[in-house]
Undergrad: 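Questions regarding the structure given below will be posed in turn.
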There are 2 protein chains.
Amino acid sequence: MADRKTPAQQQAEEMAASLRAAGVRVTRQRVVLLEVLAEADDHPDAIELHRRAKEVDDSVSLATVYRTLTVLEQQGVVQRHAFEGGGARFETAETAHHDHLIDLETGDVIEFSSEKIERLQAEICAELGYELIHHRLELYCRKRPKKS
Amino acid sequence: MADRKTPAQQQAEEMAASLRAAGVRVTRQRVVLLEVLAEADDHPDAIELHRRAKEVDDSVSLATVYRTLTVLEQQGVVQRHAFEGGGARFETAETAHHDHLIDLETGDVIEFSSEKIERLQAEICAELGYELIHHRLELYCRKRPKKS
DNA sequence: AATGCTTATGAGAATGAGTTGCAATAAAAG
DNA sequence: CTTTTATTGCAACTCATTCTCATAAGCATT
C-alpha cells in the first residue's frame, strides 16, 4: 500500500509546504486551489479554476481565486500567462521553463523550449545594453495537413 | 518648393489610399487617426491616440478611436500589441516585421529583429507538426548598468 | 450639387476581467 | 483556548473595450 497519494496530491502538498515555509497562511480555500492547479494539465483561466474549485468546496469565491492566484504567483508557485484574446491563464510553476505554441483552431497549448532561442534572446538584450528579466514567446499555429 | 509634405503626412495619405482601394470609407476622423498614427514613433494605447486625435479634431470620440483601430488592424494598416500590464498598444504596420524589447522601468519599447530566431521558431513549429501563422516575442528588460 | 443607399459617428449604457472595502472568520502563535 | 493578524465572501467598483441607437456623413449616381 505504498503511494496512497496521486502525484497531483503530492505536488499540492509540496506547494503548500513551500507556502508555509514562506510564512504564507495555508487556508482551506488555498488548499483547494492548489489541488485544482496540481490536477490541471491544461492552462485554465481564473473562472475555470473557480468552477473546478467549487466542485470541491462550493463556498470558494471568485475573489478569493483571484487573490490566491496573485499570492501563488508572487510565491513562484504558479505562472500567469496572457495569451491572445481573453484573460490570464495559469499553470503550476514546478516544471522547467518553457514557451508556448498555441493551436489557433482548438486553443490547445503545447509547451516547448529551445536552448538556442534562449541564448539568442540574451544576446540581443546584451547588444542593446539591457539585462533580460523575463520574456514571452508564443507561437500561434495551425495544424499542418498530413502528407498522405 | 518640392516636398511640401512631411513623411508622416505622406504615410497617412498612403494608408488612406490603401483603405479606399479596399472599399473602406475614409472619414474625417479616420484621416485624423491615420495622421496621428503616422506621426507616432512610440507605441501609444487607444486613450493616448484619442488624446492626440482630439488635439487635431476635438469631436473625435473614444468609441470611434477603438472602432477605427479595429478596422485599421483588419486592413493590415496598424498592428495591435498586448504587452504586459495595461491595454493594447498600436503602431503602423508599414515597417518590416520586428519583435519588441520592453524596458520594465520606463515602459519604452525598442524594436529589433533576428533572422536566426525567426528561423528557429519555424523549425520548432514544423517539428511539432504545425504551421506558424504568427508569433509574439517580447523581452522584458532592465537597463544594464554601464561599466565605468 | 442634389439624391439615396449604406456605413460611420457620438454619447452613453453595458460588458467582462479583475480589484477592493468591509465586517465576519479562521490561521497560527502563545 | 485566547489573541493577533491575515484571509474570506460579498458587493460595489475600476478600467479597457464594446455595444446600442438615433443622427450624420461617405460616396456612387443622377
Side-chain angles (χ1 to χ4, degrees), chain A residues 13 15-34 36 43-54 56-75 77-90 107, chain B residues 13 15-36 43-75 77-90 107:
Chain A
E13 280 173 25
M15 294 192 285
S18 144
L19 291 179
R20 252 184 280 262
V24 174
R25 285 193 189 169
V26 176
T27 64
R28 187 167 41 81
Q29 20 285 90
R30 284 178 182 177
V31 170
V32 172
L33 231 312
L34 289 175
V36 168
H43 295 69
D45 62 15
I47 289 160
E48 176 60 25
L49 289 169
H50 180 220
R51 197 184 338 272
R52 296 183 194 177
K54 276 199 301 189
V56 182
D57 177 343
D58 187 62
S59 77
V60 178
S61 77
L62 182 56
T64 293
V65 171
Y66 277 112
R67 281 187 285 231
T68 302
L69 286 169
T70 302
V71 170
L72 297 183
E73 189 192 9
Q74 285 164 353
Q75 295 300 322
V77 167
V78 304
Q79 271 187 284
R80 178 190 300 262
H81 301 295
F83 302 139
E84 286 184 356
R89 297 168 65 175
F90 301 84
Chain B
E13 281 173 25
M15 294 192 283
S18 142
L19 292 180
R20 252 184 279 261
V24 173
R25 287 192 187 169
V26 177
T27 64
R28 185 168 43 78
Q29 21 284 88
R30 285 178 180 178
V31 170
V32 172
L33 231 307
L34 289 174
E35 286 169 2
V36 168
H43 295 69
D45 63 14
I47 289 160
E48 176 60 25
L49 288 168
H50 181 220
R51 198 185 339 273
R52 296 182 194 178
K54 277 200 299 192
E55 281 171 22
V56 181
D57 177 343
D58 187 62
S59 77
V60 179
S61 77
L62 181 57
T64 292
V65 170
Y66 276 110
R67 280 187 286 231
T68 303
L69 285 169
T70 302
V71 171
L72 297 184
E73 189 191 9
Q74 285 165 350
Q75 296 299 321
V77 166
V78 303
Q79 271 187 284
R80 177 191 304 260
H81 301 295
F83 303 138
E84 286 183 357
R89 297 169 65 174
F90 301 84

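Each chain gets a letter, A, B and so on, in the order the sequences are listed, and its residues count up from 1. Computed over heavy atoms, backbone and side chain alike; hydrogens, waters and symmetry mates excluded.
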Undergrad: Under a criterion of less than 4.0 angstrom to any heavy atom of chain A, what are the 5'-terminal and 3'-terminal contacting nucleotides of DNA chain C?
TA: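 The contacted stretch runs from dA17(C) to dA28(C).
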Undergrad: Map Ala88(B) and Gln29(A) onto DNA chain D by nearest heavy atom, then report which one ends up closer to the 5' terminus.
TA: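 The residue mapped nearer the 5' terminus is Gln29(A).
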Undergrad: Could you tell me the separation between the CG atom of Leu62(A) and the CZ atom of Arg67(A), rounded to the nearest 0.5 Å?
TA: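 Between Leu62(A) CG and Arg67(A) CZ, I get 10.0 Å after rounding to 0.5 Å.
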Undergrad: Taking C-beta and beyond as the side chain, do Thr68(A) and Gln29(A) meet within less than 4.5 Å on heavy atoms?
TA: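 Thr68(A) does not reach Gln29(A) side chain to side chain.
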Undergrad: Please answer whether the main-chain N or O of Arg25(A) pairs with a side-chain N or O of Arg30(A) as donor and acceptor at a distance below 3.5 Å.
TA: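 Looks like yes, one N/O pair under 3.5 Å.
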Undergrad: For Val65(A) versus Ala46(A), what's the shortest heavy-atom pair and its separation?
TA: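 In this case the closest contact between Val65(A) and Ala46(A) is CG1-O, 3.7 Å.
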Undergrad: Would you indicate whether the side-chain heavy atoms of Ser59(A) and Arg28(A) approach each other to under 4.5 Å?
TA: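 In short, these two side chains touch, coming nearer than 4.5 Å.
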Undergrad: Can you tell me the distance, in whole Å, between the CD atom of Glu73(B) and the P atom of dT18(D)?
TA: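 From Glu73(B) CD to dT18(D) P: 10 Å.
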Undergrad: Do any N or O atoms of the protein come closer than 3.5 Å to N or O atoms of nucleotides 27-30 of chain D, and which pairs are they?
TA:
| from | atom 1 | to | atom 2 | distance (Å) |
| --- | --- | --- | --- | --- |
| dC27(D) | OP1 | Val26(B) | N | 3.0 |

Undergrad: Just how far is it from atom CZ of Phe90(B) to atom CD of Gln79(B), taken to the nearest 0.5 Å?
TA: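 Output value for this atom pair is 11.0 Å.
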Undergrad: Separation of Tyr66(A) atom OH from dA12(D) atom P, in whole Å?
TA: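 Between P of dA12(D) and OH of Tyr66(A): 18 Å.
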Undergrad: What's the separation between atom NE2 in His50(A) and atom CG in Asp45(A), rounded to the nearest 0.5 Å?
TA: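 His50(A) NE2 to Asp45(A) CG: 12.0 Å, rounded to 0.5 Å.
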Undergrad: Between the side chains of Arg52(A) and Glu48(A), is the shortest nitrogen-to-carboxylate-oxygen separation below 4.0 Å, so that they form an ion pair?
TA: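 The answer is yes: the pair qualifies as a salt bridge.
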Undergrad: To the nearest 0.5 angstrom, please state how far the OG atom of Ser61(A) sits from the NZ atom of Lys54(A).
TA: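 Going from the OG atom of Ser61(A) to the NZ atom of Lys54(A) covers 9.5 Å.
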Undergrad: Taking C-beta and beyond as the side chain, do Leu34(A) and Leu72(A) meet within less than 4.5 Å on heavy atoms?
TA: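 Result yes, sub-4.5 Å side-chain heavy-atom pair found.
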Undergrad: For Arg89(B) and dC15(D), what is the distance between atoms CZ and P respectively, to the nearest whole Å?
TA: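 Arg89(B) atom CZ is separated from dC15(D) atom P by 18 Å.
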Undergrad: Within the 4.5 Å heavy-atom criterion, are Thr64(A) and Leu33(A) side-chain neighbours or not?
TA: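 They are not in side-chain contact.
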Undergrad: Strictly below 4.0 Å, heavy-atom distances to any atom of DNA chain C: list the hits from residues 55-65 of chain B, or just say none.
TA: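 Under 4.0 Å from DNA chain C: Ser59(B), Val60(B), Ser61(B), Ala63(B), Thr64(B).
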Undergrad: Any base atoms under 4.0 Å from Arg28(B), or only sugar-phosphate, or nothing? Heavy atoms, all strands.
TA: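 Answer is sugar-phosphate: Arg28(B) comes under 4.0 Å of backbone atoms only.
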Undergrad: Could you give the CZ-to-P distance, from Arg30(A) to dG9(D), as a whole number of Å?
TA: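 After rounding, the reported distance stands at 11 Å.
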Undergrad: To the nearest Å, how far apart are Glu84(B) CD and dA16(D) C1'?
TA: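 These atoms are roughly 18 Å apart.
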